[in-house]
K.L.:
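One structure, pasted below without further comment.
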Number of protein chains: 2
Amino acid sequence: MENNQSCIRVFADKVQIENCRETLQANEKAFSQLSGLLALAGNEVRLKILFLLEEENELCPCDLSDILGMSIPAVSQHLRKLKDGNVIEGRREGQTIFYSLKQEQLTLLRPFFKHIINQNLKTA
Amino acid sequence: MENNQSCIRVFADKVQIENCRETLQANEKAFSQLSGLLALAGNEVRLKILFLLEEENELCPCDLSDILGMSIPAVSQHLRKLKDGNVIEGRREGQTIFYSLKQEQLTLLRPFFKHIINQNLKTA
DNA sequence: GTTATATTTAAGTGTTTGCTTAATTAAGAA
DNA sequence: TTCTTAATTAAGCAAACACTTAAATATAAC
């Protein structure tokens, strides 16, 4: 945005624009956090993982690899992102690590799961 | 996944895994569509645009550029993605194009907007 | 100890993303 | 028509993504 060729519209509502700017600023943190979560869920593989964890309660990378038909490292890297994003957590049992959804983000995620189920009902 | 070194766990629940596979397959379309929408909303700039359109009803690329503090082409490209994703639509008025949310996807989007507002209340 | 299993991490790579600047299209005003 | 404004499109590019294969880590079994 070097060359500010901003199209200063004649009819631009300066007050409205200023209000919007303030709203964004006031919610800065919320936008950043929420978009982060949505970006995580915005990957089809990760969305499936989240959905499966909701349905099955907990699953290990090995199972997910089988279910999703993709390599273990690929799954593991997705799980790491979800863990870093505070969406899932792992519990060790011997050599196996069981991942599950963290309660924290569930409020936001549940509508997605419901939506998927609903779509299914529509098709049926 | 050439070299199927799949860790066939001793305790793996084959029935569970098969059920999961079927669930994924049955909802294939829903996963692809929903992850597409979430990927759109998973970009901070686009999330802000969607939020602003909800609040202000409609806005033009020029206004959004001012509000977001980014170049018009950058905004325009985000709008295009949202339009291609069937999330927003444009209405021409002279040289100006006003974008607004499409009713269609609003059911899924509204919880996000509410969440942002709620976060704000918490902070205040 | 050695070996096997479950998982993670690291390095490499092709693809996608999101911006930039410049060119183009579209409508209105002179 | 020419000029200005609003918006889009195109080309280029750095950064992020999502996989791959190979190496490393961690626990359990022998």
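Throughout, protein chains are lettered first and strands after them, A, B, ... in sequence-line order, and every chain is numbered starting at 1.
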K.L.:
Starting at atom CD of B:Glu58, determine the distance to atom P of D:dA6, rounded to an integer number of angstrom.
P.N.:
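B:Glu58 atom CD is separated from D:dA6 atom P by 16 Å.
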K.L.:
Rounding to an integer number of Å, can you tell me how far A:Asp63 CG sits from C:dT5 C1'?
P.N.:
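Rounded to whole Å, this separation is 14 Å.
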K.L.:
State, yes or no, whether a side-chain contact exists between B:Leu59 and A:Gln16 at a heavy-atom distance under 4.5 Å.
P.N.:
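Of all side-chain heavy-atom pairs linking A:Gln16 with B:Leu59, at least one is under 4.5 Å.
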K.L.:
What is the distance, to the nearest angstrom, from the CG atom on B:Asp66 to the C1' atom on D:dA7?
P.N.:
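Interatomic distance, CG of B:Asp66 to C1' of D:dA7: 14 Å.
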K.L.:
Between B:Phe98 (CZ) and D:dT5 (C1'), how many Å, whole number?
P.N.:
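In whole Å, D:dT5 C1' and B:Phe98 CZ are 14 Å from each other.
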K.L.:
Does D:dA18 have OP1 or OP2 sitting under 4.0 Å from an N or O in the side chain of A:Asn43?
P.N.:
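Answer yes for this pair, as a side-chain N or O of A:Asn43 is under 4.0 Å from OP1 or OP2.
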K.L.:
Say you draw a straight line from CG of A:Leu101 to CG of A:Leu53; how long is it, rounded to the nearest 0.5 Å?
P.N.:
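These two atoms lie 5.0 Å from each other.
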K.L.:
Can you find a side-chain donor-acceptor pair between B:Glu104 and B:Asn86 that sits under 3.5 Å?
P.N.:
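Short answer, yes.
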K.L.:
Filter on salt bridge (Lys or Arg N to Asp or Glu O under 4.0 Å), then keep only pairs touching residues 36-47 of chain B, sequence neighbours left out; what's left?
P.N.:
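Matches after skipping sequence neighbours: B:Glu44-B:Lys48.
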K.L.:
I need the CG-C1' distance between A:Leu40 and D:dC17, as an integer number of Å.
P.N.:
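Answer to the nearest Å: 12 Å.
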K.L.:
Output the single nucleotide from C:dC19, D:dC19, D:dT8 whose closest atom is nearest the side chain of B:His78.
P.N.:
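In terms of side-chain proximity for B:His78, the closest of C:dC19, D:dC19, D:dT8 is C:dC19.
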K.L.:
Considering only residues two or more places apart or on different chains, which pairs with a residue in residues 21-37 of chain B satisfy salt bridge (Lys or Arg N to Asp or Glu O under 4.0 Å)?
P.N.:
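Salt bridge (Lys or Arg N to Asp or Glu O under 4.0 Å) check on residues 21-37 of chain B returns B:Glu18-B:Arg21.
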K.L.:
B:Lys81 side chain N/O closer than 4.0 Å to the phosphate oxygens (OP1, OP2) of C:dG18?
P.N.:
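For B:Lys81, the contact criterion (side-chain N or O under 4.0 Å from OP1 or OP2 of C:dG18) is met.
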K.L.:
Could you go through nucleotides 27-30 of chain D and list every protein N or O atom that sits under 3.5 Å from one of its N or O atoms, giving the distance for each pair?
P.N.:
from	atom 1	to	atom 2	distance (Å)
D:dT27	O2	A:Gln95	OE1	3.2

K.L.:
Rounding to an integer number of Å, can you tell me how far B:Glu44 CD sits from D:dA15 P?
P.N.:
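Rounded to the whole Å, the gap is 19 Å.
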K.L.:
In whole Å, what is the span from the CG atom of B:Asp84 to the P atom of C:dG18?
P.N.:
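Distance check: B:Asp84 CG to C:dG18 P gives 13 Å.
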K.L.:
Output yes when a side-chain donor or acceptor of B:Ser65 lies under 3.5 Å from a complementary backbone atom of B:Met70, and no otherwise.
P.N.:
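Pair found, side chain donor or acceptor close to backbone of B:Met70.
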K.L.:
Answer yes or no: does a side-chain N or O of B:Thr96 lie under 4.0 Å from OP1 or OP2 of D:dA6?
P.N.:
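No, no such contact exists.
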K.L.:
Sort me out a list of protein N/O and nucleotides 9-14 of chain D N/O pairs below 3.5 Å, or just none if empty.
P.N.:
from	atom 1	to	atom 2	distance (Å)
D:dT9	OP2	B:Arg80	NE	3.4
D:dA10	N6	B:Gln77	NE2	3.2

K.L.:
Who pairs with B:Arg91 by salt bridge (charged side-chain N to carboxylate O under 4.0 Å, His left out), at least two apart in sequence or on another chain?
P.N.:
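For B:Arg91, the residues satisfying salt bridge (charged side-chain N to carboxylate O under 4.0 Å, His left out) (neighbours in sequence not counted) are B:Glu58, B:Glu93.
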K.L.:
Once you round it to whole Å, what is the distance between P of C:dT7 and CG of A:Leu59?
P.N.:
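Result: 11 Å.
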K.L.:
Would A:Phe51 and A:Phe112 count as a close aromatic pair, with their ring centres under 6.0 Å?
P.N.:
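Not under 6.0 Å, so no.
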K.L.:
Who pairs with B:Glu54 by salt bridge (charged side-chain N to carboxylate O under 4.0 Å, His left out), at least two apart in sequence or on another chain?
P.N.:
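Partners of B:Glu54 by the salt bridge (charged side-chain N to carboxylate O under 4.0 Å, His left out) criterion, ordered by chain and then number, come out as B:Arg110.
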